[in-house]
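Because the structure is a prediction, the values reported are computed rather than measured.
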Amino acid sequence: PAAEQKGLALKVAFADGFPESVLIDSLRFRQVLFNLLGNAVKFTTKGTVTVTLAEARGSTGKRIISVKVADTGVGIADERKAAIFDAFVQADASVSRRFGGSGLGLSISRSLAGLMGGTIALESREDEGTMVTLTLPLDEVFAPALAGVGPAGADPAAIAGLDKPIRRQASILLVEDIDINQELITEMLNRLGHRVDLARNGAEALAMACRLELEPDAWDLILMDVQMPVMDGLTATRSIRSLGGRAATIPIVALTANAFATEMQECRDAGMDDHIAKPSGFAQLKQAVELWGDIAQSPAPPTGFGALETVSIADRFETRLRKSRARLIELTAELAGARGEAAAQLIREAAGIAHVLAGTAGMFGRAPLGRIAQQVDAEMKAIAGGGASGRNARATRAIGRLVEALGATTPPSDALAAGRAA
């Protein structure tokens, strides 16, 4: 999406004789490739990004594959090339101001390449473009055995040389601040057979991620909400990556209500590997866990998901809607006579209610309400951060729109519709 938005041509070329399948660490390979592609698109304002794959022989005669990611972007000055793979380093301050980002992408990519026994090299000319080459050793080249091609009756896992059973359960750290979303996502993941630990904001997630230094297998995947109090998901991800070790490489998938190219790029820049747009359903969660949790296909969820639990969660959501509407009406009345910090506190409370509704409505099949709540949340925060002149009147009008939307909300005809919608 970022390449399309910028009008860039995105090309892929396979050299002659490139094997149909290779045996490789697919999870780490995806992380490196996505980092290199993300950088190339980010630092290219016009022209082309090209990925070229080839097989060759290394200096020792071993098979290797090379993946070249070339762009026609801003390039890198000669004096900055040596430091460009260091953590938190970009080409110069003007690049950081113009394009943003943390400077972690190449550092993480080089670490991952090293873990696979490979290397990353960089060629660049300032204002002409950059080519990054990922080189990886290739122990085997084979037909797609995992797709069922191989000796009759052979075990695909044995053909692939895998000496451990195919896992079907992932251990997931869920970072989410809204209680109903916590319950709903946890239940869906549990129904898919996965184990879930919970962090209620980015600060809790960072503290828990420190555990990875001693227990690198504590989690296979982190699902990270983006908009949270105390510490947001982008800040938490940058902080987790800076811990090094397993924390620098564990897959982190964003949970975000905004699937815009700009926000997705912000997630990549912070060190996230992918994103799931809210409202998140079974299909999205299942696909993300299988892709980034590096597990075999999960079992299908049982028919009639949430026959007991989700009814309870849906009922709680309906109660929250009624209570939220009643409290917003009270806040409107209280704002009429409030001044100074008292008025600011009321506006912040209203923004908090809107934030929760924006994050939960879509999960329960109320997408229009969620969109209005998201708009009101942003507007209330802007009002809270602005001057006092006319503040109460603007806040009252914004709250009124949300109250009206809540009044127009009708519950689903089926008590399980919320669970099915989610």
Side-chain angles (χ1 to χ4, degrees), residues 26-27 30-31 146 156-157 162 164-200 204-205 208-209 211-212 215-226 233 246 249-257 259 267 272-317 359-365 367 412 414-422:
S26 60
L27 174 62
R30 278 194 297 267
Q31 287 179 296
L146 293 180
L162 302 177
K164 60 183 180 181
I166 297 175
R167 294 186 303 116
R168 294 190 180 276
Q169 182 188 55
S171 179
I172 299 167
L173 176 58
L174 172 64
V175 190
E176 168 66 60
D177 65 310
I178 299 174
D179 55 355
I180 292 179
N181 286 357
Q182 294 167 1
E183 293 186 37
L184 195 57
I185 296 172
T186 296
E187 184 178 343
M188 286 192 282
L189 290 170
N190 287 162
R191 291 298 182 99
L192 288 169
H194 306 308
R195 185 178 69 81
V196 181
D197 291 322
L198 177 67
R200 293 168 179 80
E204 285 191 15
M208 294 175 72
R211 173 180 162 192
L212 290 168
E215 298 179 64
D217 295 327
W219 301 287
D220 302 299
L221 170 69
I222 298 176
L223 295 177
M224 178 79 73
D225 189 21
V226 174
R246 171 60 173 162
T249 63
I250 186 171
I252 301 179
V253 176
L255 298 172
T256 174
C267 292
M272 295 181 177
D273 299 290
D274 203 351
H275 85 286
I276 301 175
K278 291 181 179 179
S280 308
F282 262 125
Q284 296 95 325
L285 287 170
K286 185 174 183 289
Q287 183 180 31
V289 174
E290 289 170 6
L291 178 64
W292 294 107
D294 200 24
I295 64 166
Q297 187 175 19
S298 308
T303 304
F305 160 68
L308 296 176
E309 295 91 336
T310 305
V311 171
S312 173
I313 298 172
D315 287 344
R316 283 183 53 201
F317 178 68
T360 58
M363 301 288 286
F364 289 89
D414 183 343
L416 292 181
R420 295 195 186 107

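The structure places CD of E290 at 12.0 Å from CG of L221, a figure rounded to the nearest 0.5 Å. Atom CD1 of residue I180 and atom CG of residue L184 lie 9.0 Å apart, to the nearest 0.5 angstrom. One finds the CZ atom of R195 at 9.5 Å from the CG atom of L173 (value rounded to the nearest 0.5 Å). Between the CG atom of L285 and the CG atom of L174 there is a distance of 9.0 Å, given to the nearest 0.5 Å. Summarising the geometry, atom CD1 belonging to I185 is positioned 7.5 Å from atom CG belonging to D225; distances are rounded to the nearest 0.5 Å. Here the straight-line distance linking atom CG of L255 with atom CD1 of I222 works out to 11.5 Å at 0.5 Å rounding.
L223 places a side-chain heavy atom less than 4.5 Å from the side chain of V253. Side-chain atoms of V289 and L189, non-hydrogen and from C-beta on, do get closer than 4.5 Å to each other.
In this structure, N181 has no side chain to side chain donor-acceptor pair (under 3.5 Å) partners at least two apart in sequence or on a different chain. For E183, the side chain to side chain contact (heavy atoms under 4.5 Å, CB included) partners two or more places apart in sequence, or in a different chain, are I313, R316. For L291, the side chain to side chain contact (heavy atoms under 4.5 Å, CB included) partners at least two apart in sequence or on another chain are R30, D274. Legend: residues meeting side chain to side chain contact (heavy atoms under 4.5 Å, CB included) with A254, ordered by chain and number and at least two apart, are V226, C267, M272, H275. Remark: W219 pairs with no residue by the ring pair (Phe, Tyr, Trp, His ring centres under 6.0 Å) rule, at least two apart or across chains. A218 meets the side chain to side chain contact (heavy atoms under 4.5 Å, CB included) test with R211, L212, E215; sequence neighbours excluded.
Between I276 and A288 the shortest heavy-atom distance is CD1-CB, 3.5 Å. Between F317 and A361 the shortest heavy-atom distance is CZ-CA, 3.8 Å. Nearest heavy atom pair, residue H194 against residue A170, reads ND1-N, 3.0 Å.
Side chain of D220 to main chain of S171: a donor-acceptor pair is present (N/O by atom type, distance under 3.5 Å, no hydrogens or angles). One N or O on the side chain of Q182 and one on the backbone of E176 form a donor-acceptor pair closer than 3.5 Å.
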